[in-house]
*Asks:* 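The structure that follows is given in the form of structure tokens.
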Amino acid sequence: MSPAYRAVKGTRDLLPPESEKYAAVESIARQVFGGYGYGEIRTPILESTELFSRSVGETTDIVHKEMYTFLDRKGRSLTLRPENTAGVVRAALERGIDRMPRPLRLWYAGEQFRYERPQKGRYREFRQIGAEMIGVPGSASDAEVLVMLFDFLQRLGFIDLSVTLNCVPGGAGREAFADALRSHVRPRARRLGEDDRRRVEENPLRLFDSKDPETKAVLEGAPTTVEFLDPEAASHYAEVKEFLRESGIPFTESPALVRGLDYYTVTVFEVVSKSLGAQNAILGGGRYDNLFADLGGPPLPAVGFAIGEDRLVEVLPGDPREPRELWYVLPGSPEDFPYAMAVARALRSGHAGAVVETDLSGRGFAKGFTRASAILAGDADYPFRVSEVRVVSVGSQERAEQTVKIKTLSARREEAVPLAALTRRSRT
RNA sequence: GUGGGUGUAGCUCAGCCGGUUAGAGCGCCAGACUGUGGAUCUGGAUGUCGAGGGUUCGAAUCCCUCCACUCACCCCA
């Protein structure tokens, strides 16, 4: 109950069957994203601290108070990555993106770290699955990214999710918008709570995230981000919406959607789920046309998203694991173990993709069948989703005859099969 | 960083106005059934009652401190 060592706060162990669901989600991401020409990128978990303060934004909470930062033995400041886009951009620059084919399409899946108080759907170590399309300025790239995202969510069984969309001005327009927002709010600042009053000066865009009804009332009639887009960005944003309508991607616009990372320009979007409690965003993304230049590279346009894998798995409408057939090799007694293992190896070579598990508990036939039946019925702790169980009985009699008895549990039918036939796919 | 809730068996929890050897369900193991099924019945194992201190003849129960987990705020995936 109180072990000597426990997982560090905000981190957790993923065991079967949970871990198998994560693997299945990642495998579906690989299939869907790969189908759009995205290859996987794996970047280091550790980066120099400055990469994040430059990209994510000096004033954001992530950089301000949520990073796992430490000095290494040579006194360099390193940080456990709080998000993955900065690392992808850094890698692209470092590996000479100007000599790579464009657009460069990359996806990733991996652990991220933020030092926050854990709560439902929020952990200090969490996983994100994301994708970045680099090098295409046009609205078609925003649209393709969103269409791909939707394909992915549909493959996972989500049917009525809707994307929330907005635009954020980059560069000078962003400052102009912040000023206009301050001017609107300041006369009414008395009505705001302490936190929100502080935000007016420090980071007024954050006011839109406030859950305080008073704050929401104050924001009625406030200036909107669209008004501060330059003409080019405005038509880009209009084109994205047109693309989405033509692709049949359901979306709603919300002027209150302002993403927390500083590097977004023009398009921003997110998807929320009702069943997640307070931490309800399952993914977010947008266009970041200035980030490459901000990090000292050429001015490359890019667009991407990040999905909170832990939150995604939590609200999955179905089971992402492919159902598998289980061949349950059941020895009558420990004397049959060597023969049972030979049988199991033969089965594995003849039935790729199936689970071939040998019961080494020595519990005997009656108990073994009970266990096999429980797995077929959906034993909650079994790692895999099982579509059918075939109990392969191997006792002294079978050993002597060099045969096995195969019983298909759902059909309650059993037949004797010679050992030599197991390496070939047998009929069901 | 701030506030609330909860810590008792592998899991879910009861017991908490102090009173003998600390309980239930589920799960696990064994038997009924020495070679064939999710059932049933019988039996069994498993606990530093989160930790430390205090009050008391006596503490899972009352008090204090600490720790952990959890939900919410802040913020985000």
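Just so it is clear: chains get the letters A, B, ... in the order the sequence lines come, proteins before strands, and each one is counted from 1. These numbers were taken from a predicted model, which means no experiment stands behind them.
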*Asks:* Taking atom C1' in both B/A30 and B/A45, compute the distance separating them and give it to the nearest angstrom.
*Replies:*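 My reading of the C1' atoms in B/A30 and B/A45 gives 10 Å.
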*Asks:* It should be established whether A/K120 places a side-chain nitrogen or oxygen under 4.0 Å from OP1 or OP2 of nucleotide B/A72.
*Replies:*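 So the side-chain polar atoms of A/K120 never come under 4.0 Å of the phosphate oxygens OP1 or OP2 of B/A72.
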*Asks:* For A/Q119 and B/C74, what is the distance between atoms CD and C1' respectively, to the nearest whole Å?
*Replies:*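 It is 9 Å, rounded to the nearest whole Å.
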*Asks:* Paired with B/G43 by Watson-Crick or G-U wobble geometry, both distances under 3.5 Å: which nucleotide is it?
*Replies:*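 For B/G43, the partner nucleotide comes out as B/C29, under the 3.5 Å rule.
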*Asks:* Determine the interatomic distance between C1' on B/C26 and the same-named atom on B/A32; round to the nearest Å.
*Replies:*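 Nearest-Å result for B/C26 against B/A32 at atom C1': 22 Å.
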*Asks:* Ring centres within less than 5.5 Å and planes less than 30° apart: is that true of A/F369 and B/G37 in this structure?
*Replies:*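 No; centroid distance or tilt outside limits.
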*Asks:* If you look at every strand shown and take non-hydrogen atoms under 4.0 Å, does A/G121 touch a base, only sugar-phosphate, or nothing?
*Replies:*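 Base contact.
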*Asks:* Among side-chain atoms of A/N290 and A/T265, is any donor-acceptor pair under 3.5 angstrom?
*Replies:*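 No, because no side-chain N or O of A/N290 sits under 3.5 Å from a partner of the opposite role on A/T265.
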*Asks:* Kindly compute the distance separating CD (A/E325) from OG1 (A/T408), expressed to the nearest 0.5 Å.
*Replies:*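 With rounding to 0.5 Å, CD (A/E325) is 8.0 Å from OG1 (A/T408).
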*Asks:* Mind checking A/G332 for me? I need base, sugar-phosphate or nothing, with any heavy atom below 4.0 Å counting as a touch.
*Replies:*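 Counting heavy atoms under 4.0 Å across all strands, no contact is made by A/G332.
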*Asks:* What is the distance from OH of A/Y264 to C1' of B/C76, rounded to the nearest Å?
*Replies:*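 Atom OH in A/Y264 sits about 11 Å away from atom C1' in B/C76.
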*Asks:* If we take the C1' atom in both B/A22 and B/C64, what is their distance in whole Å?
*Replies:*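 My reading of the C1' atoms in B/A22 and B/C64 gives 25 Å.
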*Asks:* Would you mind telling me which of B/C74, B/C76, B/G37 lies closest to the side-chain atoms of A/R122?
*Replies:*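 Of all the options, the side chain of A/R122 is nearest to B/C74.
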*Asks:* Nearest-Å distance, NZ (A/K9) to C1' (B/G50)?
*Replies:*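 Taking NZ of A/K9 and C1' of B/G50, I get 14 Å after rounding.
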*Asks:* Name the pairing partner of B/G52, where a pair is Watson-Crick or G-U wobble with both distances under 3.5 Å, or state none.
*Replies:*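 Its partner is B/C64.
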*Asks:* Please step through side chain to side chain donor-acceptor pair (under 3.5 Å) for the pair A/E335 and A/S333, ending with a clear verdict.
*Replies:* CA-CA 5 Å; A/E335 282 86 71; A/S333 79; 3.2 Å; yes
*Asks:* Base, sugar-phosphate, or nothing: which does A/L409 touch, judged by heavy atoms less than 4.0 Å apart?
*Replies:*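 Base, at least one base heavy atom under 4.0 Å.
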*Asks:* May I ask you to evaluate whether A/R117 reaches the phosphate of B/U70, defined as a side-chain N or O under 4.0 Å from OP1 or OP2?
*Replies:*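 Answer no for this pair, as no side-chain N or O of A/R117 is under 4.0 Å from OP1 or OP2.
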*Asks:* What's A/K407 touching, base or sugar-phosphate or nothing? Going by heavy atoms closer than 4.0 Å.
*Replies:*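 Since a base atom lies under 4.0 Å of A/K407, the category is base.
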*Asks:* Could you state the atom-to-atom distance from CD of A/E26 to P of B/A77 in whole Å?
*Replies:*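 Nearest whole value for this atom pair: 19 Å.
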*Asks:* For A/Y115, is the NZ or CZ atom of A/R124 found under 6.0 angstrom from the centre of its six-membered ring and inside 45 degrees of the ring axis?
*Replies:*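 Ring-cation test returns yes.
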*Asks:* Within the side chain of A/E270, is there an N or O that forms a donor-acceptor pair under 3.5 Å with the backbone of A/V268?
*Replies:*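 Not at all, since once roles are kept as given, no pair shorter than 3.5 Å links the two residues.
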*Asks:* Expressed in angstrom and rounded to an integer, what is the separation of A/F152 atom CZ from B/A77 atom P?
*Replies:*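 Spelled out: CZ on A/F152 to P on B/A77 is 17 Å.
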*Asks:* Using whole Å, what does the distance between atom P of nucleotide B/C76 and atom OH of A/Y263 come to?
*Replies:*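 Answer to the nearest Å: 12 Å.
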*Asks:* Got a second to check how far A/S139's OG is from A/R287's CZ, nearest 0.5 Å?
*Replies:*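 So the OG of A/S139 and the CZ of A/R287 are separated by 8.0 Å.
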*Asks:* For the P atoms, the ones on B/C16 and on B/G23, what distance do you get once it is rounded to whole angstrom?
*Replies:*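 Straight-line distance between the two P atoms is 15 Å.
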*Asks:* Contact class for A/S396 (heavy atom, under 4.0 Å): base, sugar-phosphate, or nothing?
*Replies:*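 The residue A/S396 makes base contact.
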*Asks:* So, does the side chain of A/R311 form a donor-acceptor pair with the base of B/C76 at under 3.5 Å?
*Replies:*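 By the distance-only test, yes, there is a pair.
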*Asks:* Look at the side chain of A/R6 against the base of B/G50 and say whether a donor-acceptor pair falls under 3.5 Å; ignore hydrogens and angles.
*Replies:*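 Donor-acceptor pair under 3.5 Å: no.
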*Asks:* Decide whether a cation-pi geometry holds between A/R105 and A/Y36; the criteria are a distance under 6.0 Å from NZ or CZ to the six-membered ring centre and an angle within 45° of the ring axis.
*Replies:*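 Not flagged: A/R105 not positioned over aromatic ring of A/Y36.
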*Asks:* Side-chain donor-acceptor pairs under 3.5 Å in residues 186-193 of chain A, sequence neighbours left out?
*Replies:*
residue	atom	partner	partner atom	Å
A/R186	NE	A/E201	OE2	3.2
A/R186	NH2	A/E201	OE1	3.0
A/R188	NH1	A/H184	O	2.4
A/R191	NE	A/E214	OE1	3.1

*Asks:* Does the base of B/G1 carry an N or O that pairs as donor and acceptor with the side chain of A/E116 under 3.5 Å?
*Replies:*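 Absent.
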*Asks:* P atom, B/C67 versus B/G27: distance in rounded Å?
*Replies:*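 About 38 Å, rounded to a whole number of Å.
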*Asks:* Which nucleotide, if any, forms a Watson-Crick or G-U wobble pair with B/C69, using both distances under 3.5 Å?
*Replies:*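 Pair assignment: B/C69 / B/G5.
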*Asks:* Which is true for A/Q397 with a 4.0 Å heavy-atom rule: it touches a base, it touches only sugar-phosphate, or it touches nothing?
*Replies:*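 Base contact.
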*Asks:* Tell me what A/E309 touches on the nucleic acid: a base, only sugar-phosphate, or nothing, going by heavy atoms under 4.0 Å.
*Replies:*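 Since no nucleic acid heavy atom lies under 4.0 Å of A/E309, the category is nothing.
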*Asks:* 5'-most contact on RNA chain B: A/F126 or A/S410, nearest heavy atom basis?
*Replies:*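 It is A/S410, whose closest nucleotide lies nearer the 5' terminus.
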*Asks:* Please report, rounded to the nearest Å, how far the P atom of B/A68 is from the OH atom of A/Y5.
*Replies:*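 The distance from OH of A/Y5 to P of B/A68 comes to 16 Å, rounded to the nearest Å.
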*Asks:* Between protein and nucleic acid, restricted to nucleotides 25-33 of chain B and to nitrogen or oxygen atoms under 3.5 Å apart, what atom pairs and distances do you find?
*Replies:*
residue	atom	partner	partner atom	Å
B/C29	OP1	A/R363	NH2	3.1

*Asks:* Please give the distance between the C1' atoms of B/G35 and B/C28 as a whole number of Å.
*Replies:*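 Comparing C1' positions in B/G35 and B/C28 gives a spacing of 24 Å.
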*Asks:* Considering every strand and a 4.0 Å limit on heavy-atom distances, what is the contact class for A/E398: base, sugar-phosphate, or nothing?
*Replies:*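 Here A/E398 touches the bases of the nucleic acid.
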*Asks:* Figure out the CD1/P separation between A/I62 and B/G1, and round it to whole Å.
*Replies:*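 That distance rounds to 19 Å.
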*Asks:* Categorize A/L261 for me: base, sugar-phosphate, or nothing, with a 4.0 angstrom heavy-atom threshold over every strand shown.
*Replies:*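 Here A/L261 touches the backbone only, sparing every base.
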*Asks:* Whether A/R324 engages the ring of A/F384 as a cation-pi pair (distance to the six-membered ring centre under 6.0 angstrom, angle to the ring normal within 45°) should be assessed.
*Replies:*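 Yes, a cation-pi geometry.
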*Asks:* Considering only the C1' atoms, how many Å lie between B/G31 and B/A14, rounded to the nearest integer?
*Replies:*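 Roughly 30 Å separates the two C1' atoms.
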*Asks:* Parallel, tilted or perpendicular, judged at 30° and 60°: which one describes the rings of A/F33 and A/F152?
*Replies:*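 Geometry flag for A/F152 against A/F33: tilted rings.
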*Asks:* From the options B/U36, B/G37, B/C76, select the nucleotide whose nearest atom is closest to the side chain of A/F365.
*Replies:*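 The nucleotide sitting nearest to the side chain is B/U36.
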*Asks:* Say we look at B/A77 and B/A39: how far apart would their C1' atoms be, to the nearest angstrom?
*Replies:*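 B/A77 and B/A39 have their C1' atoms separated by 46 Å.
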*Asks:* Which residue, A/D196 or A/A7, contacts RNA chain B at a nucleotide closer to its 5' end, judged by nearest heavy atom?
*Replies:*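 Whichever sits nearer the 5' end wins; that is A/A7.
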*Asks:* Partner of B/U12 by Watson-Crick or G-U wobble geometry, both contacts under 3.5 Å, or none?
*Replies:*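 Result: B/A24.
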*Asks:* Given that both distances must come in under 3.5 Å, which nucleotide forms a Watson-Crick or G-U wobble pair with B/U36?
*Replies:*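 Pairing partner, where one exists within any strand: none, as none qualifies.
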*Asks:* Once side-chain hydrogen bond (donor to acceptor under 3.5 Å, both in side chains) is applied, what residue pairs with a partner in residues 371-382 of chain A remain, sequence neighbours excluded?
*Replies:*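 Qualifying pairs, neighbours excluded: A/E357-A/Y382, A/R371-A/D379.
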